[in-house]
Amino acid sequence: MMIGSTHYLHIGGCKDCKGVAVYYPSDREVHMRIQDAKILKGQMDLKDVGYNVRWCHGPRNYYNIAEHMGAFIYIGANGKPAGTITKIISGNPESF
């Protein structure tokens, strides 16, 4: 569901947000475009549940993807929903 795919996320409570795109080219690397077009690249470490990301020139974060009421959501390190997956596309359509 992750490796080789791009996830598009809706960030709840943000009416003007264009959304987030997250691409997983391998089991060690992740790219993310946030709504203001800023692109982040990071190193990913898969865990039994979830994964850690160390963003280049940025913080470390923990994420988990879980099913909730028929939708897949990203859960942040605080245990709260961080975004809802709106679609998953095979490959790298964002050309990260």
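Just the heavy atoms: all of them, side chains too, but no hydrogens, waters or symmetry mates, feed the values below. Computed from a predicted model, the values in this text were never measured in an experiment. Numbers here simply count residues along the sequence, with the first being 1.
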Check: residues 77-85 side-chain donor-acceptor pairs under 3.5 Å, at least two apart:
{"residue": "Asn78", "atom": "OD1", "partner": "Lys80", "partner atom": "N", "Å": "2.9"}

For the residue pair [X] and [Y], what are the closest heavy atoms and their distance?
| X | Y | answer |
| --- | --- | --- |
| Phe96 | Met32 | CE2-C, 3.9 Å |
| Thr6 | Gly91 | OG1-O, 2.7 Å |
| Met44 | Ser26 | CE-O, 3.4 Å |

Hey, could you give me each pair passing side chain to side chain donor-acceptor pair (under 3.5 Å) that has a residue in residues 61-70? Not counting sequence neighbours.
->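 Pairs touching residues 61-70 that pass the test: Trp55-Asn61.
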Among residues two or more places apart or on two chains, list those pairs meeting side chain to side chain donor-acceptor pair (under 3.5 Å) that have a residue in residues 87-96.
->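 Output for this query lists Tyr8-Glu94, Arg33-Glu94.
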Can you list the other members of the hydrophobic cluster that holds Ile73, where links are side-chain heavy atoms under 4.5 angstrom apart?
->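 Other cluster members: Ile75.
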Not counting sequence neighbours, which residues clear salt bridge (charged side-chain N to carboxylate O under 4.0 Å, His left out) with Asp27? List them please.
->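 Expected list: none.
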Test side-chain contact (heavy atoms from CB on, under 4.5 Å) applied to Val20 and Tyr74, step by step | CA-CA 12 Å; Val20 174; Tyr74 275 62; over 6 Å; no
Does His7 reach the main-chain N or O of Met1 with its side chain, forming a donor-acceptor pair under 3.5 Å?
->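 Looks like yes, one N/O pair under 3.5 Å.
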Indicate, with yes or no, if Ile3 and Ile65 share a hydrophobic cluster defined by side-chain heavy-atom contacts under 4.5 Å among Ile, Leu, Val, Met, Phe, Trp and Tyr.
->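 Same cluster: Ile65 reaches Ile3 through Ile, Leu, Val, Met, Phe, Trp or Tyr contacts under 4.5 Å.
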Does one hydrophobic cluster hold both Ile34 and Ile39, with members joined at side-chain heavy-atom distances below 4.5 Å?
->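 In one cluster: no.
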Would you tabulate the side-chain donor-acceptor contacts of residues 46-54 under 3.5 Å, counting partners in other chains and residues two or more places apart, or write 'none'?
{"residue": "Lys47", "atom": "NZ", "partner": "Asp45", "partner atom": "OD2", "Å": "2.8"}
{"residue": "Tyr51", "atom": "OH", "partner": "Tyr24", "partner atom": "OH", "Å": "2.5"}

